[in-house]
Amino acid sequence: MKHETKPVSPTAVLAAVRPSACPGLVRVVAARDGGLCRIRLPGGVLDAARARALADAALAHANGVLELTNRANVQIRGVRAGEEAALAAALIGAGLGPAGIDAASPVEHACAADELRNVMLSPLAGLDPAAADGTTALAAALIDMMQREPRFAALSPKFALQLDGGERIAMLEHPHDIWLAAQPHGETVRFALGLAGCPTAKPIGALAVEDVCASIRALLHAFLDLAAPDETRMRDVLAAHSLDALLHRAQQHGEFALTRDDAALRAWRRGASDPDLRLGAHALHADGSGYVGAQPALGRIDARTLHALAAVAEASGDATLRVTPWQGFLLPHVAAHAMSATLARLRALGLICTRTEPLARLIACTGSTGCAKSHANTKADALRLAALLPRDAEVHLSGCERSCAAAHLAPYTLLARGPNHYDLYRRDDTASGIGQHFGQRFGQLLAPNLTIEAAAQVLAQQPRSTPDV
Ligand code: SF4
């Protein structure tokens, strides 16, 4: 009897050798609306040619809908069954894969290299003259170091680093397993180091720039030494072991040059970041040149609009885009005389350019059209809420308690209970973020089981001083 041999999909190979529910460029994960492919963009940087390649791939192999994520990455939704390998090959061919990976690379190698690209930078990294220079190159060196060390393939795809140069706009609310933040030090700069938190927290020490890669390498080895099989994040290891035990272990892995404590470190605080600067036109230099920022409604952009955006970046800036963790874009290097025309072109594409627009203050997860776990159609409900949203209110709609759309705690959260029914929570000072007990996770329960219309009424009754992020 003759047996037909079917090609093995990359996703099937990965499910066997490296199980994870986390989508990637090679690992296309099934969702209700088709496959989900996540393309990690180091530093959120996307040049116009690659933006077009992304749009073309989304049309050729999926339903043409793309999403910007809260880690400044891009996702292609609705990947057609059987087209996963062709999609990955198209993306890798366009230079959107990890360095050193091509279409002939072993699938598990490509996947591991892809999943070690979780280093978040400010969307203004290398652009803000008031911030530390060199973070883009340092992030590339960190990624390269991790990809070269076979053992680091064991890190969870969710294990994430933040490298903060002190830019005027940076995401400072997402907890990271390891964070580094530039700190002026005499005539130079060093990096404050923290674990399982954000650069607004107290650092555990500081690293000279030249010691960062080797010291982070030692720290990652120490993490893997101590982590039990079910402990995938730094917070898990720190819950089971003391900080001193972790650092002692790191010292056994070669160079680990951490300055634990000095007066400058104790006095250091990360300067404020203003998320409102993600939208509109902003000068960075004395000649008035700078950047223009915008975001698509609820983080979704169609392939045609992405094509048009690439054309605006070519005509107005340096032919690059920066994806932001607020699910939007910045166009850098816009001349002073081109600022207002660029802003007008982005508005004409239907993008949101000011915080006063209600959809600038709403985020929503995929919802029931794309996710089987969702109790409600969060995207559609967010659009209805936009018409009713009180001035200044910022609201996150989540289809279930996993909170995929927000790694931070929003001022208000609507947690779906059923179609068009949500519990309304308000952030409070005692709730410190994702990972808390479910009842504390979204803050204080204001009202249960509200329709969107009723939620808008409760929001309208809230004091307006509360919700600023
Ligand atoms: S938050 Fe829940 S419902 Fe929404 S996309 Fe994530 S898993 Fe699905």
Side-chain angles (χ1 to χ4, degrees), residues 20-25 27-41 44 62-63 65-79 115 117-118 120 156-160 162 171 173-177 198 232-233 235 295-301 323-328 359 361-383 385 394-419 422-425 427 431 433-438 440-443 469:
S20 169
C22 204
L25 184 144
R27 187 197 305 279
V28 175
V29 168
R32 189 174 263 176
D33 57 347
L36 180 62
C37 174
R38 179 173 300 157
I39 299 97
R40 293 177 173 85
L41 302 172
N63 64 13
V65 174
L66 300 105
E67 279 177 343
L68 312 178
T69 77
N70 58 29
R71 291 201 51 79
N73 293 321
V74 179
Q75 297 179 161
I76 294 176
R77 299 204 68 90
V79 179
E115 291 172 350
R117 297 197 288 174
N118 291 333
M120 181 180 277
S156 160
K158 292 187 183 304
F159 195 96
Q162 181 169 17
M171 173 51 78
E173 296 182 288
H174 289 187
H176 282 75
D177 295 278
C198 318
T232 58
R233 306 300 298 271
R235 63 173 178 261
Q295 65 188 61
L298 305 176
R300 281 209 174 153
I301 187 165
V323 179
T324 77
W326 295 274
Q327 299 179 279
L359 282 167
R361 292 177 276 112
L362 287 170
I363 52 177
C365 75
T366 301
S368 55
T369 59
C371 178
K373 292 189 175 68
S374 187
H375 300 295
N377 187 345
T378 49
K379 294 279 193 209
D381 289 341
L383 291 176
L385 182 59
E394 293 186 11
V395 184
H396 164 211
L397 289 84
S398 192
C400 78
E401 60 271 18
R402 289 164 66 105
S403 189
C404 295
H408 69 292
L409 196 55
Y412 293 101
T413 300
L414 282 168
L415 178 62
R417 286 294 175 215
Y422 293 83
D423 292 347
L424 176 61
Y425 291 84
R427 184 176 70 193
I434 303 305
Q436 296 293 308
H437 178 268
F438 171 59
Q440 303 170 315
R441 183 176 191 177
F442 297 111
V469 173

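What you are looking at is a predicted structure, and each value in this text was computed from that prediction instead of being measured. The basis for the numbers below is simple: all heavy atoms, side chains too, and nothing from hydrogens, waters or symmetry mates. Residue indices begin at 1 and follow the sequence shown.
With rounding to the nearest 0.5 Å, the separation of CZ in Arg38 from CG in Leu25 is 12.0 Å. Within the model, atoms CG of Leu68 and OG1 of Thr324 stand 7.5 Å from one another, a figure rounded to the nearest 0.5 Å. Expressed to the nearest 0.5 Å, how far CG of Leu385 lies from OH of Tyr412 amounts to 12.5 Å. Rounded to the nearest 0.5 angstrom, Leu414 CG and Thr378 OG1 are separated by 10.5 Å. To the nearest 0.5 Å, the span separating CG on Leu383 from CG on Leu397 amounts to 10.0 Å.
Under the side chain to side chain contact (heavy atoms under 4.5 Å, CB included) criterion, Leu41 pairs with Ile39, Leu46, Asn73, Val74, Leu96, Val323, not counting sequence neighbours. Here Asn118 pairs with Arg40 under the side chain to side chain donor-acceptor pair (under 3.5 Å) rule; sequence neighbours left out. Scored by the side chain to side chain donor-acceptor pair (under 3.5 Å) test, Asn377 finds no partners at all (sequence neighbours excluded). Residues meeting the side chain to side chain contact (heavy atoms under 4.5 Å, CB included) test with Ser398, sequence neighbours left out: His396, Ser403, Leu415. By the salt bridge (Lys or Arg N to Asp or Glu O under 4.0 Å) test, Arg71 pairs with no residue at all, sequence neighbours left out.
Between His408 and His174, the angle of the ring planes stays under 30°, which puts this pair in the parallel group of the 30/60° scheme.
In this structure, the side chain of Gln162 engages the main chain of Met171 through a donor-acceptor pair within 3.5 Å. Using a distance-only test at 3.5 Å, with no hydrogens or angles considered, no donor-acceptor pair links the side chain of Lys158 to the main chain of Arg233.
Closest heavy-atom contact between Arg417 and Asp423: NE-OD2, 2.7 Å.
Note on residues 361-374: pairs passing side chain to side chain donor-acceptor pair (under 3.5 Å), not counting sequence neighbours, are Arg77-Thr366.
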